[in-house]
Amino acid sequence: MAALKCCGKFSFQPLSHQIQTAEKVIEQMDGRAILADEVGLGKTIEAGLIMRELLDREVIKRVLVLTPASLAPQWCMEMKEKFDLYFYHNRRDHNWTYFSFIVASIDRAKRAEQLEAICQAGFDLLVVDEAHRLKNSSTANFKAVQKIDSKYLLLLTATPMQNNLKELYNLVELVNPRLFGGLNNFQHRFMEEDQSAKNVNALQRALAQVMIRNRKADIDLRLPPRLVNLVPVDLSPAEKLLYQGVNNYIRGEYRRRRLSKLSILNLITLQREICSSSFAAQGTLRRMGLSDLAELAAQIKENQKALAVADILAQTGQKAIIFTEFKATQAYLYDFLSKLEIQSLCYNGDLKAWDRVWARKLFQEEYPVMISTEAGGEGINLQKANLVINYDLPWNPMRVEQRIGRVHRLGQENTVRIYNLFARDTVEETILEFLRRKISLFEGAIGGLDQIVDGDLDPESSIMTCLHGEYAG
């Protein structure tokens, strides 16, 4: 395998697994690959190495990086600081031809007129960050990447499969559409029930032709350990009454809607909100016309989970990031901690891209606590923290791993402690079991996940079926 020409030109020393990945992608995969390292092992650096090497070999001249909008500034900074590459951040729908190195949001690039301009401009290398957003072949994201005709393609994601093997197939189709010989052949070989170990091994061998997944357990990085704790919380009497009322409504309404073939989307939302906080559920209850339950939620001024958070912060005294899926819960936690004279800042999707950069800087340098929605679960580096509190758990274990990976990654010097909160005698106990099952599916196809739920999903509608049952007539 040829050595990289670009090594030795940087102000930092790439790690051996990053160099090996770049060499393999260029020499064995023809520059088209899925970079699927576990969170925190430097997929961006691997992409930068590949990019820099192809430029030094003079086989590419133009590069386009598509990423969630919030991550574009970070890409620009990292490419400049580490690889001396100056990328233009295209935020205004023009200049696709003027600059040779461009970073843009995939949401902007997939618009019909912008996509056409990108295709006309032409790019030699296309890099897509957080590429699990391409898992559904019917989406505009997938179709946009499929349409951009670049000789070289890198898809970056720590979670190339989240719910089923077809998602993995769709990513492979973008990189090498000939590998599996079509969806029907793939389904017959790998998606039928009771697959043998022989077939699992065959799938892993096939994937090795287009995908590289470095794991922390297999690399001698000596990352500090992660310690996972489950924190059961007993709801207050008022919280129990609200939870039971909401859950009884969801159970009856779910069965009615399934029988009538009506949408259950807002029921899924409500189920997730009531698992988070009374504050998250309150708005949805009002919009659904459940005024009695909404009033009951409004009367609850303090949640027991928040008291558990206060205890954890007091006991550990560490820089912490608290994750919740809902902005209403986030706002409550901010006020709750303020009353305890604990400084915190909020990080969510309402912040513009460069405001998010500033918020991360403040957290790294000054604030002891960041309260983040899922906007903080992708692509950002928060190694200065070493405490992760999952106030509510997503129904997808890969998102839990992404959260933890913001902290447990290269550059972390301290033991990372993870606290997963759940309310006793609620559906959250069932969700924990779903997370464990889904981890098993992922590990069978792709490789292990580090410990994320302590002790070691179906799509959301299937979880609802398990929680509340199909209508039996």
Side-chain angles (χ1 to χ4, degrees), residues 25-26 29-36 43-44 47 50-51 54-55 59-72 75-76 79 87-157 159-187 207 209-211 378-379:
V25 169
I26 293 170
M29 297 178 170
D30 298 323
R32 298 181 68 87
I34 302 169
L35 304 184
K43 291 183 290 297
T44 306
I50 295 166
M51 191 185 304
L54 292 175
L55 284 165
V59 295
I60 66 171
K61 294 181 179 179
R62 290 172 53 75
V63 180
L64 174 62
V65 177
L66 298 181
T67 181
S70 61
L71 304 183
W75 266 91
C76 292
M79 291 300 102
F87 274 80
Y88 170 67
H89 181 189
N90 193 340
R91 291 172 285 179
R92 300 184 182 276
D93 298 341
H94 54 61
N95 292 326
W96 296 110
T97 57
Y98 188 77
F99 296 93
S100 296
F101 307 111
I102 298 177
V103 175
S105 77
I106 192 166
D107 287 335
R108 184 176 301 279
K110 71 185 180 185
R111 298 172 188 170
E113 67 279 7
Q114 301 307 317
L115 182 58
E116 187 62 33
I118 289 170
C119 292
Q120 289 180 3
F123 290 90
D124 305 305
L125 169 62
L126 173 63
V127 180
V128 184
D129 197 9
E130 304 298 340
H132 46 271
R133 298 182 178 212
L134 310 176
K135 63 184 180 180
N136 186 338
S137 61
S138 65
T139 62
N141 283 349
F142 181 95
K143 292 176 181 178
V145 172
Q146 190 176 47
K147 186 174 181 180
I148 299 173
D149 185 21
S150 60
K151 181 177 181 180
Y152 302 102
L153 173 64
L154 301 176
L155 304 182
L156 280 58
T157 174
T159 56
M161 182 190 76
Q162 300 190 11
N163 292 308
N164 56 63
L165 288 173
K166 187 179 177 183
E167 298 172 350
L168 188 58
Y169 169 85
N170 289 334
L171 294 187
V172 173
E173 277 292 285
L174 292 171
V175 174
N176 184 353
R178 297 181 299 277
L179 182 63
F180 289 124
L183 179 58
N184 289 339
N185 186 54
F186 178 81
Q187 289 175 324
L207 289 174
Q209 299 178 53
V210 293
M211 184 173 75
E378 287 186 338

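In what follows, every heavy atom counts, from backbone to side chain, and hydrogens, waters and symmetry copies are set aside.
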Open item on the list: When you compare the side chain of Leu154 with that of Lys43, does any pair of heavy atoms fall below 4.5 Å?
Closed with: no

Task: Residues forming a ring pair (Phe, Tyr, Trp, His ring centres under 6.0 Å) with Phe186, sequence neighbours excluded - done: Tyr169, Phe180, Phe190

Task: Atom pair CG/CD of Asp107 and Gln114 - distance to nearest 0.5 Å - done: 12.5 Å

Open item on the list: Rounded at 0.5 Å granularity, tell me how far CD in Gln209 sits from CD1 in Ile34.
Closed with: 12.0 Å

Task: Arg32 side chain vs Val210 backbone, donor-acceptor pair below 3.5 Å - done: no

Task: Heavy-atom donor-acceptor pair, Ser150 side chain to Leu153 backbone, under 3.5 Å - done: no

Task: Considering all heavy atoms, the nearest Pro68-Asp129 contact - done: CD-O, 3.9 Å

- [ ] Given side chain to side chain contact (heavy atoms under 4.5 Å, CB included), test Lys143 with Leu115 step by step and report yes or no.
- [x] CA-CA 10 Å; Lys143 292 176 181 178; Leu115 182 58; over 6 Å; no

Open item on the list: Working to the nearest 0.5 angstrom, can you tell me the gap between Leu64 CG and Ile148 CD1?
Closed with: 5.5 Å

Task: Flag if over 12 foreign heavy atoms under 6.0 Å of CG, Asn185 - done: yes

Open item on the list: Which heavy atom of Ile102 sits nearest to which heavy atom of Phe87, and what is that distance?
Closed with: N-CD2, 3.4 Å

Open item on the list: Rounded at 0.5 Å granularity, tell me how far CG in Leu155 sits from NE2 in His132.
Closed with: 12.0 Å

Task: Asn136 versus Thr139, closest heavy-atom pair with distance - done: O-OG1, 2.8 Å

Task: Minimum heavy-atom distance Val103-Ala72, with the two atoms named - done: CG1-CB, 3.6 Å

Open item on the list: Any non-hydrogen side-chain atom of Leu66 less than 4.5 Å from a side-chain atom of Asn141?
Closed with: no

Task: Pairwise distance CE(Met51) to CD1(Ile60) - rounded to 0.5 angstrom - done: 7.0 Å

Task: Those residues that, when tested against Ser137, pass side-chain contact (heavy atoms from CB on, under 4.5 Å) (two or more places apart) - done: Phe142, Asn170

- [ ] Could you please spell out the steps behind the side chain to side chain contact (heavy atoms under 4.5 Å, CB included) verdict for Asn90 and Phe99?
- [x] CA-CA 10 Å; Asn90 193 340; Phe99 296 93; over 6 Å; no

- [ ] To the nearest 0.5 angstrom, please state how far the NZ atom of Lys147 sits from the CD1 atom of Ile118.
- [x] 10.0 Å

- [ ] Find out whether Tyr152 and Ile50 are in side-chain contact, i.e. whether some heavy atom of one side chain is under 4.5 Å from a heavy atom of the other.
- [x] no

TODO: Using a 4.5 Å cut-off on heavy atoms from C-beta on, say whether the side chain of Leu35 contacts that of Val25.
DONE: yes

Open item on the list: Please determine whether side chain to side chain contact (heavy atoms under 4.5 Å, CB included) holds for the pair Thr157 and Leu134, giving the CA-CA distance in whole Å, both sets of side-chain angles, and the decisive distance to 0.1 Å.
Closed with: CA-CA 10 Å; Thr157 174; Leu134 310 176; over 6 Å; no

- [ ] Would you please name every residue forming a side-chain contact (heavy atoms from CB on, under 4.5 Å) with Arg62, sequence neighbours left out?
- [x] Ser100, Ala121, Phe123, Asp124

